[in-house]
Amino acid sequence: MSGEAALRVLIADDNADIRRLVRIKLELAGGFEVLPDAVDGAGAVQLADTHLPDVILLDLSMPVMDGLEALPLLRQVLPYGRIIMLSGFDSARFRGRALELGADEYVEKGGSLDALVGLIRELGTPSIPPRVPEPRQEVPATADEVEPAEASGAA
Amino acid sequence: MWWQVTAAMNSVIALCYLGISTTIWRGLRRTGQVRTNPLGLATAAIFLTCAVHHGSHSVHMLLPYLGLEKHEGLAMRTAMGWHMGLLDTVGAVVAVWYLSLRGRYGALLTGPTLFADVKERQRQAVEINDDIVQGLSTALYAMELGDVATAKAASERALAASRSIINDLVGGEHSMVRLDAGDLRRDVAAVPVAAVPVAAVPVAAVPVGAVDTVEPVPGPREPGT
């Protein structure tokens, strides 16, 4: 990875062990800058807005705001960022819904960490050139407060 | 002539609705759902009020025979033309049909219970995910990183959580559900782990002990902090 900027990764998971182990794996693999991690969906949105990571690893079941609630908000603050759902739930049940809400990939927990690192590298080095975040509005605290897209253009 | 038809049909409707209401009410009482099933209770109540309403039409038209409310009763008889007779006849047919379906009223009683079951299953799924799947995933990740201590701790925690959840499902120590001899008989013997093909065996890419060489990770923020 010499000569290339490190991929900036945000881990959002309420399980401290998972966060710690994935962080260790990424740091050992090299080529990643692991940002301060989030313990719930709301924290993930806040940190994503602050740090603009290249890749977000997002858990599905979390307190305060779950992964599916957070996805549309993350897409608002990070239109070009890559979001990988990393969940304990069966992908057959939730993958489609997650992709529909803005995730780029869905990975079941417990698989190979090497494969996960490979996927992060693959998705995090997109063909899309420089990531220029669009001007954005204030991030609402919860999904319920998001204005419908058409509402902003109505007036 | 039409007022007699409407009086008769309204009587049929009132009796059917009364029967439907009574059947639902008895079901609610028998299953102890009078307080917990508002939909069932409201259905019984609406049929009861409709029974009173249709019954009152018939009574109103018959009262002049007893010398009571002659003016109002006769006026009502006059108002009941063929169209009302036809509508009330259709209504009576539907009422009899609904009453004949009383064997299926159980759906009104089990519907909310089924909904509660779904919510309970969702709660159990989240619990299994949080306590078991996350624990086993942690163990696998830790093994891949050579972190045996974390793998062992996570496995033990997942095992304890599994026992607790299974205990809840089969009924705990003080459960009213009694387990008798033979209730735990399996269809087939447990398959040894070595005999199960593993789709993706985690590869220990990092030698044991490598974790110790990693720079300390900033302390994770725990939920609620």
Side-chain angles (χ1 to χ4, degrees), chain A residues 9-30 32-44 46-47 57 59-68 85-91 93-94 107-119, chain B residues 118 121-158 161-162 165 198-225:
Chain A
V9 180
L10 169 64
I11 304 169
D13 197 312
D14 62 322
N15 187 312
D17 289 324
I18 296 280
R19 292 200 309 269
R20 181 175 64 85
L21 293 166
V22 173
R23 173 183 286 270
I24 289 171
K25 179 65 184 179
L26 291 173
E27 291 181 349
L28 284 172
F32 298 102
E33 179 191 348
V34 186
L35 301 168
D37 41 35
V39 298
D40 56 51
Q46 195 177 10
L47 288 171
L57 291 177
D59 188 19
L60 194 56
S61 174
M62 291 183 286
V64 183
M65 181 190 291
D66 68 32
L68 294 181
M85 297 299 297
L86 182 61
S87 167
F89 287 98
D90 187 13
S91 70
R93 177 73 175 80
F94 288 101
V107 178
E108 289 178 4
K109 281 182 182 171
S112 162
L113 281 173
D114 283 332
L116 180 64
V117 168
L119 180 65
Chain B
V118 169
R121 281 212 307 275
Q122 285 176 344
R123 188 195 65 75
Q124 287 170 345
V126 170
E127 191 180 359
I128 288 169
N129 173 67
D130 289 347
D131 298 341
I132 300 175
V133 179
Q134 302 278 6
L136 295 175
S137 301
T138 300
L140 285 169
Y141 284 167
M143 278 193 285
E144 190 171 335
L145 288 168
D147 186 351
V148 178
T150 299
K152 187 170 183 292
S155 301
E156 287 171 350
R157 208 165 51 206
S162 305
I165 290 170
V198 180
V201 179
V203 181
V206 182
V208 175
V211 175
D212 296 336
T213 64
V214 176
E215 289 294 317
V217 176
R221 294 174 303 142
E222 291 303 325
T225 60

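Note on naming: letters A, B, ... go to the chains in the order of the sequence lines (proteins, then strands), and numbering restarts at 1 for each one.
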Inset, instruction - Compare every heavy atom of B/Y141 with every heavy atom of A/V22, then report the nearest pair and how far apart it is. - result: CG2-CE1, 4.1 Å
Inset, instruction - Could you tell me the separation between the CG atom of B/L145 and the CG atom of A/L28, rounded to the nearest 0.5 Å? - result: 6.5 Å
Legend entry - A/D114 vs B/E144 side-chain heavy atoms within contact, under 4.5 Å: yes
Legend entry - Nearest heavy-atom neighbours spanning B/S137 and A/I18: CB-CD1, 4.1 Å
Legend entry - Heavy-atom pair count under 4.5 Å with chain A, highest-scoring of B/T138, B/V133, B/T150: B/T138
Legend entry - Gap between atom OG of A/S87 and atom CD of B/Q134 - 0.5 Å precision: 7.0 Å
Inset, instruction - Could you check if a side-chain atom of B/L136 sits within less than 4.5 angstrom of a side-chain atom of A/K109, using non-hydrogen atoms only? - result: no
Legend entry - Under-4.0 Å salt bridge between B/R157 and A/D17: yes
Inset, instruction - Answer yes or no: does atom CZ of A/R93 have more than 12 heavy-atom neighbours from other residues, nucleotides or ligands under 6.0 Å? - result: no
Legend entry - Nearest-0.5 Å distance that lies between atom CG in B/N129 and atom CG in A/D59: 7.0 Å
Legend entry - Beyond-backbone contact of A/I24 with B/D147, side-chain heavy atoms, under 4.5 angstrom: no
Legend entry - Side-chain heavy-atom pair B/M143, A/L113 within 4.5 angstrom cut-off: no
Inset, instruction - List the atom of A/S61, the atom of B/D130, and the distance in Å for their closest heavy-atom pair. - result: OG-OD1, 3.6 Å
